[in-house]
Amino acid sequence: DSGVTQTPKHLITATGQRVTLRCSPRSGDLSVYWYQQSLDQGLQFLIQYYNGEERAKGNILERFSAQQFPDLHSELNLSSLELGDSALYFCASSGGGELFFGEGSRLTVL
Amino acid sequence: GENVEQHPSTLSVQEGDSAVIKCTYSDSASNYFPWYKQELGKRPQLIIDIRSNVGEKKDQRIAVTLNKTAKHFSLHITETQPEDSAVYFCAASIHNTDKLIFGTGTRLQVFP
């Protein structure tokens with residue numbers, strides 16, 4: 001158990017819909033990262049938050065947004081979903097150095 | 001832009017043989033290079049990491065080497081076992097930050 005909690009574990013929805021993925025970081029970690037992993041693909045960096053502020057942005061689509069709340073949990077919002085958004089979305093947290101990954105949220109868009 | 005290249009994409013070895021996975025990075029300011037192992041359907045987990053002030057690090061059967069001049073680092077697994085079968089990802093920090101860019105992964109299969 002990494003200490004990073006992601007919900008939901010699985011999500012099936014239709015094209016055009018909007019979903020929210022939630023992440024609770026390890027106790028004490030201020031940094032939260034979101035990564036997208038499509039089938040048999042690598043880990044694509046989406047965005048990083050540090051103590052509530054956006055720290056770095058990767059290849060995140062405009063249809064996607066994220067935020068980190070005062071209690072340090074984070075949410076990734078995916079809207080106007082397309083078939084190609086089907087993927088495993090990982091959240092990771094860090095206190096500086098090693099990233100600890102959650103179990104991921106598997107999104108299927110039909 | 002920031003980039004990490006990883007080779008090979010797949011690697012098959014016989015149990016007991018060694019496996020080597022190589023990565024190159026583009027950002028000369030990178031100073032942290034972790035390796036993650038991802039078993040099928042599971043989350044990536046750190047197996048070893050190295051910082052730029054060290055050229056080599058070893059932990060039992062796994063070792064990592066870093067060549068800062070060439071911007072190249074490698075993972076070495078000796079005496080491979082079937083349970084080493086997984087996808088391995090290298091990563092490099094960007095601009096001396098804690099943001100990590102991952103390589104595309106290497107699927108390692110160890111045959112008994």
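Under the 4.5 Å side-chain heavy-atom criterion for grouping Ile, Leu, Val, Met, Phe, Trp and Tyr, A/Ile47 is not connected to A/Tyr33 through any hydrophobic cluster. Note: the hydrophobic cluster containing B/Val20 does not contain B/Phe73 (ILVMFWY, side chain heavy atoms under 4.5 Å, direct or indirect links). Under the 4.5 Å side-chain contact rule for hydrophobic residues, A/Leu72 and A/Leu76 do not share a cluster. A continuous path of ILVMFWY side-chain contacts below 4.5 Å connects A/Val19 to A/Ile60, so both sit in one hydrophobic cluster. Cluster membership for B/Val13 and B/Ile21, using ILVMFWY side-chain heavy atoms within less than 4.5 angstrom, is shared.
Closest non-hydrogen pair, B/Leu100 versus A/Tyr35, comes out as O-OH, 2.8 Å. Between A/Phe45 and B/Ile101 the shortest heavy-atom distance is CB-CD1, 4.5 Å. The nearest pair of heavy atoms linking A/Phe90 to B/Gln38 is CZ-NE2, 3.5 Å.
Counting non-hydrogen atoms of neighbouring residues, nucleotides and ligands closer than 6.0 angstrom, the CD atom of A/Glu53 reaches no more than 12 such neighbours. For B/Asp17, the CG atom sits in a packed shell: over 12 heavy atoms of surrounding residues, nucleotides or ligands are nearer than 6.0 Å. Remark: B/Glu79 CD is loosely packed, at most 12 non-hydrogen atoms of other residues, nucleotides or ligands lying under 6.0 Å away.
For the set A/Ser31, A/Ser2, A/Ser94, the entry with the most heavy-atom pairs within less than 4.5 Å of chain B is A/Ser2.
Within residues 39-67 of chain B, the residues approaching chain A closer than 4.5 Å by heavy atoms are, in numerical order, B/Lys42, B/Arg43, B/Pro44, B/Leu46, B/Arg51. Contact residues of residues 100-110 of chain A toward chain B are A/Phe101, A/Gly102, A/Glu103 (heavy-atom distance under 4.5 Å).
Rounding to the nearest 0.5 angstrom, the gap separating the CG atom in A/Leu43 from the OH atom in B/Tyr36 is 10.0 Å.
Partners of A/Glu82 according to the salt bridge (charged side-chain N to carboxylate O under 4.0 Å, His left out) rule, which considers only residues two or more places apart in sequence or in another chain, are A/Arg63.
For the pair B/Phe102 and A/Gln37, the minimum side-chain heavy-atom distance is 4.5 Å or more. Residues A/Tyr50 and B/Lys99 are not in side-chain contact: their nearest non-hydrogen atoms beyond the backbone lie 4.5 Å or more apart.
Within the structure, the salt bridge (charged side-chain N to carboxylate O under 4.0 Å, His left out) test picks out no pair touching residues 30-39 of chain A (sequence neighbours left out).
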